[in-house]
Structures are given as C-alpha cells and as structure tokens.
Protein chains: 2
Amino acid sequence: METKTRYDIPCNIAQSLNIIGDRWTLLIIHEILVGHTLFNEIKKSLKGISSNLLSERLKYLEQHGLVETELYSEHPPRYCYKLTESGKELEDVFNALIIWGSKHLKKCYKKIIDAETGDEVEIGYYSKKTGERVKRIAVVPIGEEIESK
Amino acid sequence: METKTRYDIPCNIAQSLNIIGDRWTLLIIHEILVGHTLFNEIKKSLKGISSNLLSERLKYLEQHGLVETELYSEHPPRYCYKLTESGKELEDVFNALIIWGSKHLKKCYKKIIDAETGDEVEIGYYSKKTGERVKRIAVVPIGEEIESK
DNA sequence: ATACTTAGTTAAAAAAATCAACTTTGTATA
DNA sequence: TATACAAAGTTGATTTTTTTAACTAAGTAT
C-alpha cells in the first residue's frame with residue numbers, strides 16, 4: 001500500500017512532476033481552474049476518467065496543498081474543490097502547454113490572445129525587480145550566484 | 001498491441017499531454033535539451049529509468065517529430081538524439097515548471113534569473129505583433145474571435 | 001415507498017512501468 | 001587470438017498503476 005513510484009532526481013522539473021505529473025492530474029487541476037469545482041462536474045468534463053482515480057487524485061492534491069475542499073451545502077453536507085494559491089499558480093504551465101499545442105498539434109482547440117487587442121501572445125520572461133523584459137535567462141542551481149559578465 | 005491509452009478530450013492541454021505526458025517523457029526531452037544526446041548519457045542522468053522504457057519513449061518522440069536521430073560515428077554506427085524545433089519549443093513549459101517548483105517545492109534545486117543582471121524572473125505574455133507586454137490574456141477557442149471591449 | 005442524485009468505494013481485469021538478464025556490434029587489451 | 005569492455009539496445013517476468021464495472025451511503029423528490 002502507498003508505494004508511489006516517484007522520481008528520485010534532484011531537479012525542479014522532476015520534483016514538480018512528482019506532484020502534478022501523474023496521469024489525469026494536470027487535467028483535473030485545469031478543470032478546477034476553469035471553474036468546475038464539483039466532483040461530478042470534473043468527472044463529466046474529463047471523458048474517460050473513473051471515479052476512483054478522480055477521488056484518489058483529489059486527495060493527493062489536497063495533501064500536497066494544491067487543492068482544498070469547501071463546504072457549499074450544509075444539509076446534504078457537500079464539498080466543492082478549490083485551488084489554493086499554489087494550484088492557481090500552475091496557470092503559466094497550462095498556458096505554456098496551450099501555446100505549444102497551438103503551434104505543434106495537428107488539431108488545435110485553443111489559442112491565447114491579448115484580452116484587449118486580440119493579438120496572439122507569446123511567453124516572455126520579465127524581471128521581478130524592474131518589470132523589464134529579460135533578453136537572456138539562465139537556469140541556475142539554488143545557492144549559487146551567476147558570475148557577472 | 002499498440003493500444004496506447006490516450007486522452008480523448010478536445011483541449012490543447014490534453015492533446016499535448018498525449019504526446020509529452022507519459023511518465024519520464026518530459027524528463028527525457030529536458031535531458032536532451034540540456035545537452036545529453038547519447039542513449040547512455042540520458043539513461044545515466046535519469047536515475048531509475050530502464051533501457052526499454054527509454055528506448056520506447058525515444059521512438060515515440062521521434063515518430064511525433066519532437067526528437068530526431070543523427071549519426072555521430074560511422075564505424076561503429078552510432079546515433080545521438082537531437083531535439084527538433086518542436087521539441088526545443090517545450091522550453092517555456094520547462095521554465096514554467098522550474099519557476100513553479102522554485103516557489104512551491106519543499107526542496108528546490110534551481111531558479112531562473114536574468115543572465116545579465118541576476119534578477120529573478122517571472123513569466124509574462126507579450127503581443128506577437130507589437131512586442132508589448134500584455135496585461136490580461138484570454139484563452140479562446142480556435143476559430144472564434146473575442147469581442148472588442 | 002420508490003426512484004434519483006451526489007459523491008464516492010470496492011474488486012477484478014487490463015495496461016503500463018520496473019527489474020533483471022541477455023544480445024549485438026564493434027573496440028581495446030593481454 | 002582470446003578476453004574483457006562498452007554502447008545501444010531487446011526480451012520476458014514481476015510489480016504497479018489505470019481502467020472497467022458494479023456497488024454503497026446519505027439525502028431529496030415524487
């Protein structure tokens with residue numbers, strides 16, 4: 001029991017995938033993000049998922065702090081599922097996948113545009129300090145600093 | 001044989017995950033992206049992966065045009081694995097995962113900074129047309145246009 | 001009292017991943 | 001010349017995970 005196979009690799013990507021990389025998991029989080037918060041709403045939106053798997057995934061995500069339950073009816077006691085901040089912050093991951101898909105899928109369903117102008121958008125990297133667009137990024141190990149050029 | 005279980009959901013995310021969402025797949029692509037192009041290099045970097053699975057995943061990714069092989073030695077004929085453009089363009093997905101991980105993992109290994117200033121970066125969206133940063137994005141179904149406010 | 005709905009649970013079957021040993025082709029070494 | 005070694009896998013058995021399908025429990029509605 002409880003013998004989850006997890007990646008034992010010292011890398012943000014692998015460790016993040018240990019939380020959100022199981023089959024169906026990202027799709028479940030995405031359904032909640034777009035407003036489907038009831039068990040059966042999620043189930044109906046995700047054609048092919050089974051009750052037991054959805055139930056198990058929701059529990060796992062709750063344990064890991066991405067999802068929380070909220071009582072929405074007292075008298076048949078009923079809970080809905082909400083995303084926590086860390087769940088909501090997967091939005092950039094979803095958008096990156098949507099944009100990748102819009103370029104590379106044979107059949108594509110969605111694109112991402114500027115809500116004001118309707119222009120198509122791309123992903124960029126911006127300095128947290130100045131808000132300026134960053135020309136070149138570097139992935140660095142935590143603890144180390146980059147040598148200044 | 002060859003009965004892959006795939007998501008049958010009309011959504012860029014689900015369809016993208018049908019290509020890159022299997023266990024180990026994103027990690028394999030990432031290893032190639034960071035320069036590990038030989039079968040055994042990838043295998044050694046990904047502690048726990050088995051030869052048969054790596055072999056199968058590489059074939060699948062090649063079929064789907066994310067990876068290609070290149071002869072790097074004639075006389076023991078040896079191939080290395082390279083990413084195609086569509087494979088390389090997963091970089092934003094990796095970066096989104098690295099950034100999410102750097103905020104939410106208990107133990108975090110990497111962060112992303114401005115290569116010039118060392119400032120930490122965040123993800124933003126810019127217009128393909130003007131290059132300006134976009135304040136609010138909208139995910140829209142393909143084919144439809146958004147009503148202008 | 002009977003049927004229906006929401007939100008699951010349980011158990012068996014099927015599919016996928018892991019583990020471990022083996023193969024093939026070629027190189028290097030004693 | 002034989003022996004060991006390495007790269008790049010393949011094969012088959014075992015284990016884990018997912019799917020399928022039927023069932024349950026608590027409350028509502030007719």
Side-chain angles (χ1 to χ4, degrees), chain A residues 1-9 14 17-28 31-32 35-63 67-82, chain B residues 1-9 14 17-29 31-32 35-64 67-82:
Chain A
M1 69 206 54
E2 298 303 297
T3 1
K4 292 245 175 217
T5 307
R6 305 282 76 163
Y7 302 118
D8 178 23
I9 295 169
L17 290 176
N18 276 341
I19 300 173
I20 57 166
D22 291 325
R23 188 161 162 77
W24 293 106
T25 295
L26 272 176
L27 299 179
I28 293 166
E31 284 307 316
I32 302 175
H36 296 133
T37 63
L38 307 186
F39 189 90
N40 281 328
E41 273 182 346
I42 300 169
K43 188 159 162 18
K44 271 164 206 152
S45 312
L46 296 178
K47 180 182 167 191
I49 199 174
S50 56
S51 303
N52 55 350
L53 198 77
L54 176 54
S55 176
E56 190 184 306
R57 291 290 191 266
L58 287 167
K59 267 176 211 154
Y60 186 80
L61 290 171
E62 205 183 340
Q63 276 166 26
V67 161
E68 57 196 4
T69 53
E70 194 178 277
L71 197 70
Y72 75 92
S73 152
E74 290 275 353
H75 259 291
R78 293 264 183 270
Y79 294 85
C80 65
Y81 296 93
K82 295 277 177 75
Chain B
M1 72 200 60
E2 299 302 298
T3 2
K4 291 246 177 217
T5 307
R6 303 281 80 161
Y7 302 118
D8 178 22
I9 296 170
L17 290 176
N18 276 342
I19 300 173
I20 57 166
D22 291 325
R23 187 161 162 77
W24 292 107
T25 295
L26 272 176
L27 298 180
I28 292 167
I29 297 170
E31 283 307 315
I32 302 175
H36 295 132
T37 64
L38 307 185
F39 189 91
N40 281 328
E41 273 181 346
I42 300 168
K43 188 158 163 15
K44 270 163 208 155
S45 311
L46 296 178
K47 180 182 167 191
I49 198 175
S50 56
S51 302
N52 55 350
L53 198 77
L54 177 55
S55 178
E56 190 185 305
R57 291 291 190 265
L58 287 166
K59 266 176 210 153
Y60 186 79
L61 290 171
E62 203 182 341
Q63 276 166 25
H64 286 265
V67 160
E68 58 196 3
T69 53
E70 194 179 276
L71 198 68
Y72 74 91
S73 152
E74 291 274 354
H75 259 291
R78 293 264 184 270
Y79 293 86
C80 66
Y81 296 92
K82 294 277 176 76

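Quick note on labels: first sequence line is chain A, next is B, and so on, each numbered from 1.
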Identify, between A:Tyr81 and A:Tyr7, the residue whose nearest nucleotide on DNA chain C lies closer to the 5' end.
A:Tyr81

Most 5' of B:Cys80 and A:Glu56 on DNA chain D, judged by nearest nucleotide
B:Cys80

Closest to the side chain of A:Leu38, out of D:dT18, C:dA7, D:dG12, is C:dA7

Distance in angstrom units between A:Phe39 CZ and D:dG27 P, rounded:
18 Å

Hey, is the main chain of A:Asn18 close enough, under 3.5 Å, to the side chain of A:Arg6 for a donor-acceptor pair?
yes

Considering only D:dG9, D:dA7, C:dT6, which nucleotide approaches the side chain of A:Tyr72 most closely?
C:dT6

Among C:dG26, C:dG8, D:dT18, which nucleotide sits nearest the side chain of A:Leu53?
D:dT18

Protein-nucleotide distance (A:Glu74, atom CD; D:dA26, atom P), rounded to Å
18 Å

So B:Thr5, base contact, sugar-phosphate only, or nothing? Heavy-atom distance under 4.0 Å.
sugar-phosphate

Looking at D:dT18, does its base get a donor-acceptor pair with the side chain of A:Asp22 below 3.5 Å?
no

Candidate nucleotides C:dT27, C:dA17, D:dA7, ranked by approach to the side chain of B:Pro76 - the nearest:
C:dT27

Side chain of B:Asn52 (C-beta onward), nearest among D:dT11, D:dT20, D:dG9
D:dT11

Rounding to a whole Å, what distance do you find between B:Leu58:CG and C:dA17:P?
14 Å

Within 6.0 angstrom of B:Tyr60 OH, more than 12 heavy atoms from elsewhere:
yes

Give the nucleotide from the list C:dA17, C:dT6, D:dT20 with an atom nearest to the side chain of A:Ser50.
D:dT20

Could you check A:Arg23 against B:Thr5 for side chain to side chain contact (heavy atoms under 4.5 Å, CB included), going step by step and ending with a plain yes or no?
CA-CA 10 Å; A:Arg23 188 161 162 77; B:Thr5 307; 3.0 Å; yes

Gap between atoms CZ and C1', on B:Arg57 and C:dA17 respectively (whole Å)
8 Å

Is it the case that the side chains of B:Glu41 and B:His36 hold a donor-acceptor pair, with the cut-off being a distance below 3.5 Å and no angle test?
no

Are A:Lys4 and C:dT18 close enough that a side-chain N or O sits under 4.0 Å from OP1 or OP2?
no

Provide the closest heavy-atom pair for A:Thr25 versus A:Ile19 in the form atom of the first, atom of the second, distance.
CG2-O, 3.9 Å

According to a strict under-4.0 Å criterion, is B:Tyr60 in side-chain N/O contact with OP1 or OP2 of C:dA16?
no

Nearest-angstrom distance from the residue atom CG of B:Asp8 to C1' of D:dT19
15 Å

Taking only N and O in the side chain of B:Lys59, is any of them less than 4.0 Å away from OP1 or OP2 of D:dT10?
yes

For the pair B:Arg57 (side chain) and B:Ile29 (backbone), establish whether a donor and an acceptor sit closer than 3.5 Å, ignoring hydrogens and angles.
no

When rounded to whole Å, the NZ to C1' distance for the pair A:Lys44 and C:dA7 reads 11 Å

Determine the contact category for B:Ser55: base if any of its heavy atoms lies under 4.0 Å from a base atom, sugar-phosphate if only primed atoms, P, OP1 or OP2 are that close, otherwise nothing.
sugar-phosphate

Would you indicate what A:Arg78 reaches in the nucleic acid, counting non-hydrogen atoms under 4.0 angstrom: base, sugar-phosphate, or nothing?
base

Can you check the A:His75 NE2 to C:dT6 C1' distance for me, whole Å?
17 Å

Looking across every strand, which nucleic acid part, if any, lies under 4.0 Å from B:Leu54 by heavy atom: base, sugar-phosphate, or nothing?
nothing

Less than 4.0 angstrom between a side-chain N/O of B:Arg23 and OP1 or OP2 of C:dT18, yes or no?
yes

Would you please confirm or rule out a distance under 4.0 Å between OP1 or OP2 of C:dA16 and any side-chain N or O of B:Trp24?
no

From CZ of B:Arg6 across to P of C:dA15 the rounded distance in Å is 14 Å

